[in-house]
Amino acid sequence: MELKEIINKVFAERFGAEGTIYASAGRINLIGEHTDYNGGFVFPGAIDKVIMAEIRPNDTDTVRVFSIDIDEYVEFGLNEADAPSQSWARYIFGVCREIIKRGGTVKGFDAVFAGNVPLGAGLSSSAALESCFAFALNDLFNGNTIDKFELARIGQSTEHNYCGVNCGIMDQFASVFGKKGHLMRLDCRSGEYEYFPFNPEGYTLVLVDSVVKHELADSPYNKRRASCERVAKRLGIETLRDAEMHMLEAIKSDITAEDYLRAKYVIEEKQRVLDVCDALNAGDYDTVGRCMYATHAGLSHDYEVSCEELDYLNEIARECGVTGSRIMGGGFGGCTINLVKNDLLDKFTATARDRFAARYGHEPKIYEVVISDGARRVE
Ligand code: GLA
């Protein structure tokens with residue numbers, strides 16, 4: 001059965017009625033990692049892995065939600081004091097609260113949801129969940145008057161205020177704005193974005209999931225962000241977007257070696273996103289690939305968000321002659337994104353499976369990336 005049919009069936013069994021179905025997507029990011037909260041550029045796209053929900057207003061003040069995947073039912077009220085303890089339900093509660101805080105309307109509703117975005121793989125299942133509900137509640141209770149960027153910010157504020165992750169805007173932006181066949185270059189300082197048709201002829205984008213789980217709450221993720229903010233403050237600028245290497249060198253002796261490395265990575269990554277956009281426009285995939293490897297090295301050695309398994313996957317890609325490969329997303333586990341020539345695809349995936357399994361005792365999961373639409377109503 002398709003996801004939609006399963007959700008429809010469970011909703012009817014549980015609530016004896018039919019609601020409206022919404023979906024939103026996980027995301028990939030070609031390049032521009034840990035740049036969003038530094039006011040830099042990112043280059044994500046939504047993928048064909050979604051969170052889907054059927055929702056129906058219930059004329060009460062209570063939200064009643066069933067998660068098919070977790071097999072758990074939660075009810076909560078819409079006041080601040082009603083926050084549920086289950087982490088998955090806090091995403092939905094947070095979205096409701098953030099809409100209300102902005103003067104929007106949310107009334108009680110019934111919902112059933114499920115998804116196929118792999119959890120903990122760095123594909124932003126949480127952003128998909130947030131933007132699915134933000135989009136739906138905008139449609140059901142607010143006549144679609146909340147603009148799309150604000151929907152993304154509602155998801156981001158949910159992470160900050162209800163989930164303990166001090167994230168940037170990239171994931172929720174990608175999930176809300178995603179468009180089939182297109183990547184998006186977002187300037188996280190100005191909010192300006194541009195759609196790039198992405199159809200690299202002769203190449204495939206492949207994710208290799210190490211199946212090592214990461215947990216971003218209370219995590220080194222927030223510490224990375226704090227490092228960047230300290231350096232920006234020391235430089236007297238709002239974010240590292242405005243920093244150049246010579247400025248960083250000038251204060252090197254005043255900051256910790258660790259903060260220096262974090263900021264160095266961010267400054268270099270800012271330029272790489274722009275270089276990749278130019279290279280893509282010119283059809284120069286070798287340069288795209290070189291930048292991806294350089295990002296991996298920076299994330300591993302300077303930003304220190306990689307792990308042994310991901311470094312190993314990157315090494316395997318390089319040895320196989322893969323054009324570009326790097327850790328993707330927040331880090332501390334998850335997957336690598338790989339730009340692979342089509343005629344190398346089978347050899348690379350087989351080698352990655354065999355060698356990774358021989359060393360770590362389990363195979364990585366491999367997904368071909370299909371760039372797809374983001375948040376939407378499912379007809
Ligand atoms: C996580 C965060 C994003 C972004 C990435 C790293 O996915 O949610 O905001 O910072 O990590 O690029």
Side-chain angles (χ1 to χ4, degrees), residues 1-11 18-30 44-56 65-72 87-92 94-95 109-140 144 148 151-152 154-156 158-159 163 167 169-184 195 198 205-207 209 211 328-330 334-335 337 365-379:
M1 246 199 284
E2 295 228 344
L3 201 52
K4 185 179 160 191
E5 288 161 15
I6 296 170
I7 291 168
N8 203 236
K9 182 166 170 281
V10 174
F11 192 94
E18 199 170 341
T20 309
I21 300 188
Y22 298 89
S24 195
R27 62 105 189 86
I28 55 111
N29 183 30
L30 188 63
I47 56 173
D48 64 335
K49 310 241 178 291
V50 300
I51 299 282
M52 198 178 274
E54 182 159 345
I55 307 183
R56 184 169 182 269
V65 197
F66 180 66
S67 161
I68 295 180
D69 300 328
I70 300 173
D71 191 20
E72 199 168 35
S87 56
W88 64 266
R90 290 179 72 86
Y91 291 109
I92 300 168
V95 167
F109 60 86
D110 297 337
V112 165
F113 76 97
N116 53 22
V117 189
L119 298 180
L123 300 178
S124 295
S125 52
S126 63
L129 178 59
E130 289 149 6
S131 40
C132 178
F133 277 83
F135 186 93
L137 301 179
N138 191 26
D139 189 39
L140 289 170
N144 288 306
K148 279 172 91 180
L151 293 181
I154 284 166
Q156 182 192 22
T158 297
E159 297 277 350
C163 311
C167 65
I169 193 71
M170 171 171 74
D171 304 348
Q172 292 77 11
F173 168 84
S175 198
V176 171
F177 284 83
K179 182 166 153 184
K180 194 173 175 185
H182 291 73
L183 296 181
M184 299 162 285
Y195 284 100
F198 186 71
L205 268 185
V206 177
L207 303 172
D209 181 2
V211 209
M328 193 186 72
C335 65
I337 179 166
K365 291 195 176 139
I366 294 180
Y367 310 105
E368 250 178 59
V369 172
V370 180
I371 308 288
S372 305
D373 288 329
R376 60 194 181 270
R377 193 170 157 157
V378 180
E379 301 302 339

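Residue numbers start at 1 and run along the sequence shown. Quantities reported herein were computed from a predicted structural model and do not represent experimental measurements.
Proximity of Leu207 to Leu123: side-chain heavy atoms (C-beta onward) are separated by under 4.5 Å at one or more points. Glu130 has its side chain within reach of Gln172: a pair of non-hydrogen atoms, C-beta onward, lies under 4.5 Å apart. Contact of the Leu30 side chain with the Leu205 side chain is registered, since non-hydrogen atoms from C-beta on lie closer than 4.5 Å. Here the side chains of Ile21 and Asn8 are in contact, with some heavy-atom distance below 4.5 Å. Side chains of Pro118 and Tyr367 form a contact here, defined as non-hydrogen atoms less than 4.5 Å apart. Two residues are said to be in side-chain contact when any heavy atoms from C-beta on lie closer than 4.5 Å; Asp110 and Val65 fail this criterion.
The minimum heavy-atom distance linking Ala23 with Val378 is given by the pair CB-CG2, 3.7 Å. Summarising the geometry of Lys179 relative to Tyr195, their closest heavy-atom pair is CB-CE2, 3.5 Å, with the distance given to 0.1 Å. When all heavy atoms of Ala114 and Leu3 are compared, the closest pair comes out as CB-CD1, 3.9 Å. The minimum heavy-atom distance linking Asn29 with Met328 is given by the pair N-SD, 3.3 Å. Leu151 approaches Ala134 most closely through the heavy-atom pair CD2-O, 3.6 Å. Minimum heavy-atom separation, Leu140 to Thr20: CD2-OG1, 4.3 Å.
No side-chain donor-acceptor contact under 3.5 Å links Asn116 to the backbone of Ile51. Judged by distance alone, with hydrogens and angles left aside, the side-chain atoms of Arg376 form a donor-acceptor pair with the main-chain N or O of Gly374 at under 3.5 Å. Between the side chain of Glu54 and the backbone N or O of Gly19 there is at least one donor-acceptor pair closer than 3.5 Å.
Residue Ile154 holds its CD1 atom at 14.0 Å from CZ of Phe133, rounded to the nearest 0.5 Å. Taking OG from Ser131 and CG from Asn138, the interatomic distance works out to 12.0 Å, rounded to the nearest 0.5 Å. Remark: Ile68 CD1 to Lys9 NZ distance equals 9.5 Å, nearest 0.5 Å. Atom CG of Asp209 is separated from atom SG of Cys335 by 5.5 Å, given to the nearest 0.5 angstrom. Atom SG of Cys132 and atom OH of Tyr91 lie 14.5 Å apart (nearest 0.5 Å). Within the model, atoms CD1 of Ile337 and CD1 of Ile28 stand 4.0 Å from one another, a figure rounded to the nearest 0.5 Å.
Across Phe66, Trp88, Tyr22, a single residue satisfies ring pair (Phe, Tyr, Trp, His ring centres under 6.0 Å) together with Phe113, and that is Trp88.
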Query - Full working for side-chain contact (heavy atoms from CB on, under 4.5 Å) between Lys148 and Phe135 - result: CA-CA 8 Å; Lys148 279 172 91 180; Phe135 186 93; 5.8 Å; no

Query raised in the report: Taking it one step at a time, do Ser126 and Glu159 satisfy side-chain contact (heavy atoms from CB on, under 4.5 Å)?
Result: CA-CA 9 Å; Ser126 63; Glu159 297 277 350; 2.9 Å; yes

Requested in this report: List the steps and the verdict of side-chain contact (heavy atoms from CB on, under 4.5 Å) for Val206 and Val369.
Outcome: CA-CA 6 Å; Val206 177; Val369 172; over 6 Å; no

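Between Arg27 and Ser175, the side chains place no donor N or O within less than 3.5 Å of an acceptor N or O (distance only, hydrogens not considered). Between the side chains of Ser124 and Asp171, at least one donor N or O sits under 3.5 Å from an acceptor N or O.
Ion pair Lys180/Asp373 not flagged as a salt bridge, since none of the NZ, NE, NH1 or NH2 atoms sits closer than 4.0 Å to an Asp/Glu carboxylate oxygen.
For Gln156, there are no side-chain hydrogen bond (donor to acceptor under 3.5 Å, both in side chains) partners at least two apart in sequence or on another chain.
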